Amino acid sequence: DDRRTLLKQLSEFQVTKAECLHDNDREFVEGQIRQWFGSIDQFEREVQGDVTALVARQLHEKEPMPWNMIFVGAISLCR
């Protein structure tokens with residue numbers, strides 16, 4: 001089901017595997033990630049751990065998804 005697919009993608013997320021339309025998009029996004037989270041590794045740990053757990057909880061409880069989680073999800077799906 002779509003929810004399991006989403007949780008699997010989040011739990012295995014890696015910035016290096018994200019697709020971007022232009023190389024300068026990747027440079028910009030990775031730079032922002034480093035500025036906001038300190039490192040790519042830290043961001044990936046947050047997505048794979050805390051974000052995945054929060055999304056799982058939200059899906060289980062069927063509550064509306066907070067806008068900031070939608071934003072993080074959109075960044076992590078940079079395609």
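As the structure is a prediction and not an experimental result, all values here were calculated from the model.
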Out of curiosity, Gln32 CD to Phe37 CZ, how far, rounded to the nearest 0.5 Å?
-> 11.0 Å

Is there any salt bridge (Lys or Arg N to Asp or Glu O under 4.0 Å) pair reaching into residues 28-37, and which pairs are they, with sequence neighbours excluded?
-> Arg26-Glu30, Glu30-Arg34

Residues at least two apart in sequence or cross-chain that pass side chain to side chain contact (heavy atoms under 4.5 Å, CB included) with Asp41, listed by chain then number, are Ser39, Glu44, Arg45

What residues form a salt bridge (charged side-chain N to carboxylate O under 4.0 Å, His left out) with Glu12, not counting sequence neighbours?
-> Lys8

Atom CG in Leu10, atom CG in Asp50: separation rounded to 0.5 Å?
-> 12.0 Å

Sorted by chain and residue number, the side chain to side chain donor-acceptor pair (under 3.5 Å) partners of Glu46 (sequence neighbours excluded) come out as Gln42

Heavy-atom side-chain proximity of Leu59 to Leu6 below 4.5 angstrom = yes

Is Val47 close to Val15 at the side-chain level, that is, under 4.5 Å between some pair of heavy atoms?
-> no

Flag if over 12 foreign heavy atoms under 6.0 Å of CG, Asn24 | yes

Which residues share a side chain to side chain donor-acceptor pair (under 3.5 Å) with Glu27, sequence neighbours left out = none

